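Below is one structure, written out as structure tokens; comments come after it.
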Amino acid sequence: MKIPLITEIQRFCLQDGPGIRSTIFIKGCPLHCPWCHNPETQHTEKEFYYHSDKCVHCGKCVEVCPSGASTMETSADGKPVLNINRSKCAGCVNMSCIEACPTGAREAVGQQLEFDAIIKEVISDRPFYKNSGGGVTISGGDPLLFPKFTLEIAKKLKEEQIHVGIETSCFAKWEKIQPLLPYVGMFLVDIKSLDPIKHKETVGWPLEPILSNIQKLLESGANVRIHLPIIPGFNDTNKDFEAYVEFLRQFVEYNIHGVDALPYHVYGESKYRFLGRHDEYQFKNVKNMPAGNLKPLVQALKAAGIKKITIGGMVGMGGDKQKK
Ligand code: SF4
Ligand code: SF4
């Protein structure tokens with residue numbers, strides 16, 4: 001079984017499912033949404049953050065790098081400058097530069113943990129889950145990129161009587177999703193757009209399998225909560241809102257647990273910079289979307305009979321969801 005790299009196991013989460021939860025962020029996602037707030041979870045390979053404000057230009061990382069990915073140069077005004085050429089970085093096994101850095105200016109993104117260590121870590125908060133009706137959410141990235149691992153984690157946690165949530169785009173073969181049904185208490189599914197052309201062009205993969213999987217989940221009696229990330233200039237028009245309402249209206253009688261309308265926020269931008277990928281971030285001058293912009297969508301969903309709708313996540317109206 002391939003165990004993905006884990007970027008973080010975040011404790012005391014309140015927005016990734018019911019109650020107090022621990023969220024396992026796995027590294028790797030099939031989609032490439034240009035607004036992604038967790039770019040460190042997009043690629044399956046190890047990466048590192050470079051925090052320039054902590055760098056003292058000691059050159060230790062340059063000395064240990066086997067690929068010549070870092071060089072120390074001098075600026076026009078005589079100051080030392082560290083250049084990092086990520087295309088040369090082989091993400092060497094031990095990431096020697098991180099070990100060598102005395103100030104924490106380099107930080108590894110993605111840890112290879114043992115299966116048992118992951119389980120041990122998340123079950124340590126069992127009393128909090130029990131008292132709050134919470135549990136563990138597997139997020140990312142997308143857990144369905146590693147279906148065997150996700151299934152084994154879900155099985156083990158179910159055995160431990162811990163509620164399991166999965167946060168996913170649902171872009172996977174149904175055969176990878178179906179085995180999860182007995183073990184997963186809630187599927188938190190993102191729908192990026194209901195326009196098939198826009199979806200394919202922007203996130204790189206077709207919409208149809210996602211909608212078909214959502215339908216199958218609901219028809220199977222799974223508990224599904226829908227996430228609608230609303231992105232300026234991509235899916236924030238009345239036409240987009242109407243499409244969401246019409247699509248979700250047909251599932252009112254099913255086990256749809258609710259809908260979270262998630263306004264775009266800028267919190268992910270600094271991560272692109274730390275990863276040396278700021279050039280690819282297309283939302284540089286875009287501001288946080290006011291929660292009020294989503295009120296027409298919420299009202300229309302309510303009128304269609306959908307219950308338990310939030311703006312910003314499950315903890316309630318008005319807050320901003322930090323992840324995804
Ligand atoms: S991870 Fe390895 S190859 Fe990449 S910059 Fe650091 S030392 Fe060099
Ligand atoms: S080892 Fe750390 S502090 Fe020294 S030059 Fe490299 S990144 Fe900067």
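Quick caveat, the model's predicted, so the values are computed rather than measured. When a ligand or atom number is given, it counts from 1 through the structure's own listing order.
Other residues sharing a hydrophobic cluster with I197 under the 4.5 Å side-chain heavy-atom criterion for ILVMFWY residues do not exist; the residue is a singleton. Cluster partners of I98 are F48, Y50, V62, M72, L82, I84, M95, counting Ile, Leu, Val, Met, Phe, Trp and Tyr whose side-chain heavy atoms approach within less than 4.5 Å, directly or via other members. Under a 4.5 Å side-chain heavy-atom cut-off, the cluster of Ile, Leu, Val, Met, Phe, Trp and Tyr residues that includes F274 is completed by Y49, V109, L275.
To the nearest 0.5 Å, atom CD of residue Q299 and atom NZ of residue K295 are 8.0 Å apart.
D77 and S75 share a side-chain donor-acceptor pair at under 3.5 Å.
Using a cutoff of 4.0 Å between basic side-chain nitrogens and carboxylate oxygens, R249 and E246 are scored as salt-bridged.
Distances below 4.0 Å separate heavy atoms of P66 from the following atoms of ligand 1: 7 (S). Of all atoms in ligand 1, listed by their number and element, those nearer than 4.0 Å to a heavy atom of A69 are 5 (S).
H37 has its ring centre less than 6.0 Å from the ring centre of Y264.
The parts of C89 lying near ligand 1 are both backbone and side chain, judged by heavy-atom distances below 4.0 Å.
Among protein residues, Y50, C55, V56, H57, C58, G59, K60, C61, M72, L82, C101, P102, T103, A105, R106 come within 4.0 Å of ligand 2, judged on heavy atoms.
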